[in-house]
Protein chains: 4
Amino acid sequence: MARPRSETRRAAILTAAASVIATEGLTAPTAAIAKQAGVSNGSLFLYFDTKTTLFNELYVALKTEMGEAAVEGLPETGDARKRLRHLWTRWLRWATSNPEKRRALAQLEVADEVTAESHRLVRDTQRDMAELLETCREGGPVQDVPLSFVLILTGAIADATMDAMIREPGNADSHSATAFEAVWRVIAGPTAH
Amino acid sequence: MARPRSETRRAAILTAAASVIATEGLTAPTAAIAKQAGVSNGSLFLYFDTKTTLFNELYVALKTEMGEAAVEGLPETGDARKRLRHLWTRWLRWATSNPEKRRALAQLEVADEVTAESHRLVRDTQRDMAELLETCREGGPVQDVPLSFVLILTGAIADATMDAMIREPGNADSHSATAFEAVWRVIAGPTAH
Amino acid sequence: MARPRSETRRAAILTAAASVIATEGLTAPTAAIAKQAGVSNGSLFLYFDTKTTLFNELYVALKTEMGEAAVEGLPETGDARKRLRHLWTRWLRWATSNPEKRRALAQLEVADEVTAESHRLVRDTQRDMAELLETCREGGPVQDVPLSFVLILTGAIADATMDAMIREPGNADSHSATAFEAVWRVIAGPTAH
Amino acid sequence: MARPRSETRRAAILTAAASVIATEGLTAPTAAIAKQAGVSNGSLFLYFDTKTTLFNELYVALKTEMGEAAVEGLPETGDARKRLRHLWTRWLRWATSNPEKRRALAQLEVADEVTAESHRLVRDTQRDMAELLETCREGGPVQDVPLSFVLILTGAIADATMDAMIREPGNADSHSATAFEAVWRVIAGPTAH
DNA sequence: GATGAATGAGCGTTCATTCAT
DNA sequence: CATGAATGAACGCTCATTCAT
């Protein structure tokens with residue numbers, strides 16, 4: 001019940017969980033997840049003490065993966081707007097390329113089995129994004145607001161945009177661009193670019 | 001000739017459902033809802049055929065209530081920004097004054113027991129808001145985007161703001177004002193006001 | 001809860017009960033019976049204290065009706081075989097003309113809610129048949145067996161024949177005739193007729 | 001690699017089901033059956049998907065057991081009457097030795113949860129009896145009747161006789177003998193033996 | 001008396017978790 | 001370690017019966 005060897009099996013369970021949650025919701029039986037992972041009923045509990053544990057670890061894993069995808073290849077210096085644009089694009093691309101993970105994440109985000117601790121853990125994975133936003137908002141209309149609130153606003157717009165992109169794949173790029181401009185107006189205000 | 005079916009009881013069940021869902025989530029036992037409503041186990045099913053039915057009717061009721069609260073006293077004419085501000089304020093005020101209903105609504109919004117039909121029914125309750133947004137975005141940066149996407153973006157910002165206001169009641173007004181400006185920037189762009 | 005006026009309503013409930021039991025079985029809700037009888041939920045319990053009571057009274061009523069149908073117009077004297085044949089024909093005819101009542105009766109016959117008392121009550125309704133069988137078996141192979149056993153054997157053959165007649169209405173008369181000869185052989189033996 | 005599914009437990013559940021159904025009827029709670037089998041509530045559903053499934057499998061099992069008991073040791077050739085007598089005796093003996101199974105079978109026989117498929121499956125177990133009856137009726141009064149009807153008549157007499165034997169164990173043998181002669185008269189007519 | 005809303009015990013089935021193999 | 005059988009608490013829903021109108 002501790003932390004057993006096979007990292008492969010562990011990963012398989014997490015992947016299966018995301019997939020099953022995406023289609024069946026959080027009430028999906030653990031047995032369904034185990035089956036999808038090609039693992040026995042009981043094995044799941046060898047890797048995760050509890051269904052709740054599994055949910056929390058999955059939440060952190062997905063959120064981390066998403067954060068890493070967003071900042072991958074992000075230039076360390078340069079024009080802030082361009083760098084944010086880069087991040088925004090990769091972020092939304094990850095979401096639209098991984099619709100199941102995204103759906104699972106959306107469910108986990110509001111699940112009350114996911115603890116405050118997990119939410120806190122995850123904040124670290126967004127440090128790069130936070131720093132970038134900090135730079136972008138300098139001198140703008142939200143410079144005196146708590147950064148966390150800015151993050152939340154940005155995240156909300158991103159979420160809504162992801163939904164729209166997944167729902168209408170044809171307009172995905174257009175939605176992404178429109179939303180980026182909106183975000184920029186939110187955090188940087190009516191500046192020329 | 002017998003006791004008539006009581007609208008009061010029905011309302012009590014809906015209210016109890018919102019409250020219980022807010023604290024226990026959508027998996028809360030129907031028995032808990034009935035108990036909280038001061039009604040017997042079986043009575044709940046006299047007023048609502050199914051747990052799913054209850055969820056759907058609750059969703060529509062809450063969404064309608066929220067919509068009506070938002071447009072209450074909305075002047076029919078006048079400066080669009082002022083009118084949107086009026087609506088925004090009442091909207092967020094309802095949410096912060098009814099945190100349980102809001103939490104329940106958040107859960108129902110993503111529940112897959114809530115039918116497409118229910119979501120459609122609810123769209124009408126947002127007609128006033130939609131029309132106002134249509135006016136506000138005229139000539140602005142999102143004038144050519146589907147209105148539905150603008151509604152979603154606005155809703156997402158509102159949701160995030162509600163969360164923040166409930167989490168930090170001390171900064172509620174400040175968050176509300178900040179977010180309104182952000183929304184205005186999103187839909188009307190860098191116009192003077 | 002005693003015995004209220006409207007004999008009509010009472011009869012309607014019994015009729016509805018037979019019909020509903022025939023199609024839904026003994027586990028059919030009392031509400032279904034009440035509805036079919038055009039009577040309210042609660043009224044049923046004004047006429048019958050209990051579902052079990054209803055079953056018992058229905059059993060007696062149906063069995064009585066069947067018994068009376070069988071002996072209707074039965075000549076009081078004359079050739080025993082002819083008289084038995086008369087009774088047999090009317091008996092089976094009632095069953096095939098009232099398939100719902102018959103089905104209900106078949107279910108009630110084996111229901112353990114139907115008390116021994118009800119079974120005893122019903123025995124009286126078969127007195128005429130018993131007397132006739134007593135006459136018929138005189139000097140035959142079952143003259144020394146308990147009459148009750150002869151009655152049971154006869155009833156079993158009749159039941160099986162009714163089933164067959166209802167299942168294959170085309171061969172109804174043929175089955176009836178074949179079975180009568182069988183019965184006659186059982187009780188009167190290899191006598192010429 | 002895990003504990004294998006236990007044929008013993010499965011059998012225990014079937015046995016318990018027969019016993020509980022015999023005393024409480026088909027509406028007996030599955031929990032009562034599980035308890036009687038010394039098995040947990042949930043285990044029952046590991047071995048039988050559904051209460052209905054359990055009923056069907058029990059029906060087939062009991063009917064098969066009864067059929068096998070009847071033909072056990074049946075000489076393949078020889079005097080037809082003697083062979084039928086052998087079968088008849090063993091058949092009724094099984095019923096009187098297993099009154100609970102017999103009661104359960106009687107209930108299942110008329111239950112509408114028991115599928116047509118189950119009834120068909122069971123028909124095979126009576127093939128030997130059918131063939132024997134076919135031989136016995138040759139040249140007799142029911143030689144031109146559908147064999148199925150003859151089987152039904154025979155079964156009805158057997159059933160009634162079993163009831164009588166169980167009710168009056170003192171006269172069991174006498175009832176059995178009397179009924180056999182009756183059956184013989186039915187199918188073979190007034191032949192000397 | 002008649003109605004039908006109200007009650008609450010009860011049931012079939014599921015599923016997270018444990019444990020024998 | 002892995003498996004899957006075993007467990008039993010829990011839940012949604014039904015329905016006989018009671019009772020307010």
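These numbers come from a predicted model, not from an experiment. First the proteins, then the strands, lettered A, B, ... as listed; each starts at 1.
- With rounding to whole Å, Phe48(C) atom CZ is found 19 Å from dC15(F) atom C1'.
- Using a 4.0 Å heavy-atom distance criterion, Ala34(D) is classed as making no nucleic acid contact.
- Note on Thr27(D): nothing from the nucleic acid sits closer than 4.0 angstrom, heavy atoms only.
- Scanning all heavy atoms of the two residues, the minimum distance from Leu26(A) to Gln107(A) falls at CD1-O, 3.6 Å.
- When both distances must be under 3.5 Å, the Watson-Crick or G-U wobble mate of dA20(E) is dT3(F).
- Each of Lys51(B) and Ala28(C) was assigned the nucleotide of DNA chain F with the nearest heavy atom; the assignment lying further toward the 5' end belongs to Lys51(B).
- Going from atom OG1 of Thr115(A) over to atom CZ of Phe55(A) covers 13.0 Å, rounded to the nearest 0.5 Å.
- Distance OG1/Thr15(C) to CG/Leu58(C): 8.5 Å, rounded to 0.5 Å.
- As a whole-Å value, the separation of Phe45(D) CZ from dA16(E) P is 17 Å.
- Closest heavy-atom contact between Ile166(D) and Ala95(D): CD1-O, 4.0 Å.
- As rounded to whole Å, 18 Å separates atom P of dG8(E) from atom CD1 of Ile33(B).
- A salt bridge does not link Arg103(D) to Glu100(D): none of the charged side-chain nitrogens sits closer than 4.0 Å to a carboxylate oxygen.
- Here Thr30(A) reaches the OP1 or OP2 of dA16(E): one of its side-chain N or O atoms lies under 4.0 Å away.
- In this structure, Arg10(C) atom CZ and dG1(E) atom P are separated by 15 Å, rounded to whole Å.
- Ile13(B) has its CD1 atom 14 Å from the P atom of dG12(F), to the nearest Å.
- Of the charged side-chain nitrogens involved, at least one lies within less than 4.0 Å of a carboxylate oxygen, so that Arg102(D) and Asp159(D) count as a salt-bridged pair.
- Remark: C1' of dA16(F) and CG of Asp49(C) are 13 Å apart, rounded to the nearest angstrom.
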Please write out each protein N/O paired with an N/O of nucleotides 6-10 of chain F under 3.5 Å, distance rounded to 0.1 Å.
unit_1, atom_1, unit_2, atom_2, d
dA6(F), OP1, Arg9(D), NE, 3.0
dA6(F), OP1, Tyr47(D), OH, 3.2
dA6(F), OP2, Tyr47(D), OH, 2.8
dA6(F), O3', Arg9(D), NH2, 3.3
dT7(F), OP1, Arg9(D), NH2, 3.4
dT7(F), OP2, Arg9(D), NH2, 2.8
dT7(F), OP2, Ser40(D), N, 3.2
dT7(F), OP2, Ser40(D), OG, 3.4
dT7(F), OP2, Ser43(D), OG, 2.9
dG8(F), N7, Gly42(D), N, 3.2

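- To the nearest angstrom, C1' of dT3(F) lies 16 Å from NZ of Lys35(A).
- Per the geometry, CG belonging to Leu26(C) stands 16 Å off C1' belonging to dC15(F), to the nearest Å.
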